[in-house]
**Student:** 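Just dropping this structure here.
Every heavy atom of this structure was used, including side-chain atoms; hydrogens, water molecules and symmetry mates were not. None of these values were measured; they are calculated from a predicted model.
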Amino acid sequence: MAGTLWTRCVSRTLVHVRLGGTRRCFGTTLRRTAADVTTGRAVLLLGLPVLSCLGYGAYRRVQSSAVVCALQKEEVMEQADYLYSCAETEKLYQLLLQYKDSDDADVLWRLARASRDLSQLPDMEAGRKKQLTFEAFEYAKKALEKDEACFAAHKWFAVCLSDIGDYEGVKVKIGNSYIIREHLERAIELNPKDATSLHILGFWCFAFAELPWYQRKVAAVIFSSPPMSTYEEALQFFLKAEEVDPNFYSKNLLMLGKTYMGLKDQQRAALWLTRAKEYPAHTLEDKEVHKEAADLLKKLG
């Protein structure tokens, strides 16, 4: 019974978090401007003639080697980040898969991210989705083993650990939440300017802050000291994410609104929800954020 009650709350925590599709630069060192995004979309709309040419060249250059040398790494990283910015998930995965035996953490965390993004595509067959999910975790774990000082490796280890929890049961998922938080905190320690790490940790805090009292009691039965947080703590991370990278993500604006609602501050909640509703809709997730923000604004009156 306890496990059943926890299933609902767990699905709303970080252990089931969705990170905004494949066009968000979560963890990449590539800084995309509005011009970058627009250019990527134009190429995508035109059938990617430039991308196809670059992709062919990259595949031919690196196909024969499983280890990225210094020159190749620079070229491959540039190509990988370009494919990522254009949401070319399958091409990105195939490009980086050639380097699955690499000892380079920067290659491996990108491969973890690409594997995960591929698993999240609509209509992905269930068996293949599971395979990619565990594959992504193994790449993230290897990236962390190769470079413990790589902030993106910590971030993607946390994200991929949350994903495999979907297949390992509620108790394991909740137990993993402690580890997830530790790695997100380490990612932020290594790179305090990474807005997405701050956002994800804010989401973690929000999810546990909004647990109703009866679910907290169930948690206490399963765990002697269950994960806990507050809206104030969540707010701290969401605001910091916005400070280091203003307007970087529609979901962060939405979560700021929802957090202020949790704190009973309707004026600030309305301000952030309005910003979320007015955020330019570039992705399906942005449109979903628009709808949720509009619905919450109606509730606020």
**Student:** Do Q72 and Y99 have side-chain atoms, one donor and one acceptor, less than 3.5 Å apart?
**Tutor:**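 There is no such pair between these side chains.
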**Student:** For F248 and E242: C-alpha separation, side-chain torsions, deciding distance, then whether side-chain contact (heavy atoms from CB on, under 4.5 Å) applies.
**Tutor:** CA-CA 7 Å; F248 76 105; E242 207 61 34; 4.0 Å; yes
**Student:** What's the spacing between L198 CG and Q236 CD if we round to 0.5 Å?
**Tutor:**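 It comes to 9.0 Å.
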**Student:** Could you go through the side-chain contact (heavy atoms from CB on, under 4.5 Å) check for L96 and V76 one step at a time?
**Tutor:** CA-CA 8 Å; L96 293 175; V76 172; 4.2 Å; yes
**Student:** Would a single hydrophobic cluster contain both V172 and I180, if residues Ile, Leu, Val, Met, Phe, Trp and Tyr are joined by side-chain heavy-atom contacts under 4.5 Å?
**Tutor:**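 No, it is not one cluster - the side chains of I180 and V172 are not joined through contacts under 4.5 Å.
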**Student:** Can you sort out the partners of K146 under salt bridge (charged side-chain N to carboxylate O under 4.0 Å, His left out), two or more places apart, ordered by chain and number?
**Tutor:**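 With sequence neighbours excluded, K146 shows a salt bridge (charged side-chain N to carboxylate O under 4.0 Å, His left out) to D103, given in chain and number order.
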**Student:** Do other residues, nucleotides or ligands put more than 12 heavy atoms under 6.0 Å from Q267 CD?
**Tutor:** no
**Student:** Atom OG1 in T133, atom CD in Q131: separation rounded to 0.5 Å?
**Tutor:**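 If I round to the nearest 0.5 Å, the distance is 9.5 Å.
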**Student:** Looking at L111, V107, D106, which hits side chain to side chain contact (heavy atoms under 4.5 Å, CB included) with W109?
**Tutor:**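 Single pass found, and it is D106.
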**Student:** Sub-3.5 Å donor-acceptor pair from the side chain of E88 to the main-chain atoms of K91, do we have one?
**Tutor:**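 Not a single qualifying donor-acceptor pair exists.
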**Student:** Kindly give the heavy-atom pair with the smallest separation between V289 and S250, and that separation in Å.
**Tutor:** CG2-OG, 3.6 Å
**Student:** Between K130 and D166, is there a salt bridge with N-O shorter than 4.0 Å?
**Tutor:** no
**Student:** Is it true that Y139 and M124 fall in one hydrophobic cluster, defined by side-chain heavy atoms closer than 4.5 Å?
**Tutor:** yes
**Student:** Looking only at atom types and distance, does a side-chain atom of W204 sit under 3.5 Å from a main-chain N or O of S177, one as donor and one as acceptor?
**Tutor:**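 Checking the backbone N and O of S177 against the side chain of W204, a donor-acceptor pair under 3.5 Å is found.
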**Student:** When rounded to the nearest 0.5 angstrom, what is the spacing between CG in L235 and SG in C205?
**Tutor:**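 Spacing of CG (L235) from SG (C205) equals 10.5 Å.
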**Student:** List the atom of I174, the atom of P227, and the distance in Å for their closest heavy-atom pair.
**Tutor:**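 Scanning both residues completely, I find the closest heavy atoms to be CG2-CD, 3.9 Å.
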**Student:** List the atom of A143, the atom of A105, and the distance in Å for their closest heavy-atom pair.
**Tutor:** O-CB, 3.5 Å
**Student:** For residues 291-301, tabulate all N or O donor-acceptor pairs below 3.5 Å that involve a side-chain atom, not counting sequence neighbours.
**Tutor:**
from, atom 1, to, atom 2, distance (Å)
K291, NZ, D295, OD2, 3.1
E292, OE2, K258, NZ, 2.9

**Student:** How are the rings of F137 and F157 set to each other: parallel, tilted or perpendicular (split at 30° and 60°)?
**Tutor:**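 Aromatic pair F137/F157 classed tilted.
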**Student:** Out of curiosity, does L253 fall in the hydrophobic cluster containing M255 (side-chain heavy atoms, cut-off under 4.5 Å, transitive links)?
**Tutor:** yes
**Student:** As an exercise, state the distance from CD of E285 to CG of L254, rounded to the nearest 0.5 Å.
**Tutor:**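 Those atoms lie 9.0 Å apart.
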**Student:** Enter the distance from L161:CG to E168:CD here, rounded to the nearest 0.5 Å.
**Tutor:**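 Interatomic distance, L161 CG to E168 CD, rounded to 0.5 Å: 8.0 Å.
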**Student:** For Y231, which residues count as a ring pair (Phe, Tyr, Trp, His ring centres under 6.0 Å) partner, sequence neighbours excluded?
**Tutor:**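 For Y231 the ring pair (Phe, Tyr, Trp, His ring centres under 6.0 Å) partners, ignoring immediate neighbours, are F206.
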**Student:** Name the orientation class of the two ring planes belonging to Y167 and F134 (parallel below 30°, tilted from 30 to 60°, perpendicular beyond 60°).
**Tutor:**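 Answer is tilted, since the angle falls between 30° and 60°.
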**Student:** Check the side chains of T89 and D117 for a donor-acceptor pair under 3.5 angstrom, ignoring hydrogens and angles.
**Tutor:** no
**Student:** Check S197 against K155 and note the closest heavy-atom contact, atom names and distance.
**Tutor:** OG-CD, 3.2 Å
**Student:** Tell me every residue that passes salt bridge (charged side-chain N to carboxylate O under 4.0 Å, His left out) with E138, counting only those two or more places apart in sequence or in another chain.
**Tutor:**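 Expected list: K141.
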**Student:** Indicate, with yes or no, if L97 and M77 share a hydrophobic cluster defined by side-chain heavy-atom contacts under 4.5 Å among Ile, Leu, Val, Met, Phe, Trp and Tyr.
**Tutor:** yes
**Student:** Students often mix this up, so state it plainly: with edges at 30° and 60°, are the rings of H282 and Y279 parallel, tilted or perpendicular?
**Tutor:**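 Rings of H282 and Y279: perpendicular, over 60°.
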**Student:** As a quick check of understanding, evaluate side-chain contact (heavy atoms from CB on, under 4.5 Å) for L118 and L121, giving each step before the final call.
**Tutor:** CA-CA 5 Å; L118 195 59; L121 290 179; 3.5 Å; yes
**Student:** Could you tell me whether a side-chain N or O of N252 sits under 3.5 Å from a main-chain N or O of F238, the two making a donor and an acceptor?
**Tutor:**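 Indeed, once roles are kept as given, a pair shorter than 3.5 Å links the two residues.
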**Student:** Going by distance alone, is a donor N or O of one side chain under 3.5 Å from an acceptor N or O of the other, for E90 and Q94?
**Tutor:** yes
**Student:** Which atom pairs, one a donor and one an acceptor, fall under 3.5 Å between side chains of residues 183-191 and the rest of the protein, sequence neighbours left out?
**Tutor:**
from, atom 1, to, atom 2, distance (Å)
H183, ND1, H154, ND1, 3.0
E185, OE2, R181, NE, 2.8
E185, OE2, R181, NH2, 3.4
R186, NH1, E189, OE1, 3.3
R186, NH1, E189, OE2, 3.2
R186, NH2, E148, OE1, 3.4
N191, OD1, K193, N, 3.2

**Student:** Look up atom CD1 in I200 and atom OG in S162, then write down how far apart they are to the nearest 0.5 Å.
**Tutor:**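 The distance works out to 8.5 Å.
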**Student:** Go through E135 and Y93 one step at a time and tell me if the side chain to side chain donor-acceptor pair (under 3.5 Å) criterion holds.
**Tutor:** CA-CA 12 Å; E135 187 178 302; Y93 174 76; 2.6 Å; yes
**Student:** Any carboxylate oxygen within less than 4.0 angstrom of a Lys/Arg side-chain nitrogen, looking at R275 and E278?
**Tutor:**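 Judged by the 4.0 Å cut-off on N to carboxylate O distance, R275 and E278 do not form a salt bridge.
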**Student:** Would you please name every residue forming a salt bridge (charged side-chain N to carboxylate O under 4.0 Å, His left out) with R268, sequence neighbours left out?
**Tutor:**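 R268: salt bridge (charged side-chain N to carboxylate O under 4.0 Å, His left out) contacts with D265.
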**Student:** Determine, using ring centers only, whether H199 and F237 are less than 6.0 Å apart.
**Tutor:**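 Here the rings of H199 and F237 have centres that are no less than 6.0 Å from each other.
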**Student:** Which atom pair, heavy atoms only, marks the closest approach of K100 to L108?
**Tutor:**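 Distance-wise, the nearest heavy atoms are O-CD2, 3.8 Å.
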**Student:** Are the side chains of R116 and W156 in contact, using a 4.5 Å heavy-atom criterion?
**Tutor:**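 Heavy-atom side-chain distance check passes, below 4.5 Å.
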**Student:** Is a side-chain donor-acceptor pair under 3.5 Å present for D104 with S102?
**Tutor:**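 S102 vs D104: no donor-acceptor pair found between side chains.
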**Student:** Take F208 and M228 through the test side-chain contact (heavy atoms from CB on, under 4.5 Å) and record every step on the way to the result.
**Tutor:** CA-CA 6 Å; F208 285 108; M228 296 184 66; 5.8 Å; no
**Student:** State, to 0.1 Å, how close A80 and L92 come at their nearest heavy-atom pair, and which atoms those are.
**Tutor:**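 So the two residues come closest at O-CD1, 3.4 Å.
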**Student:** For K142 and E145, what are the C-alpha separation, side-chain angles and deciding distance, and is it a salt bridge (charged side-chain N to carboxylate O under 4.0 Å, His left out)?
**Tutor:** CA-CA 5 Å; K142 186 178 178 183; E145 291 170 352; over 6 Å; no
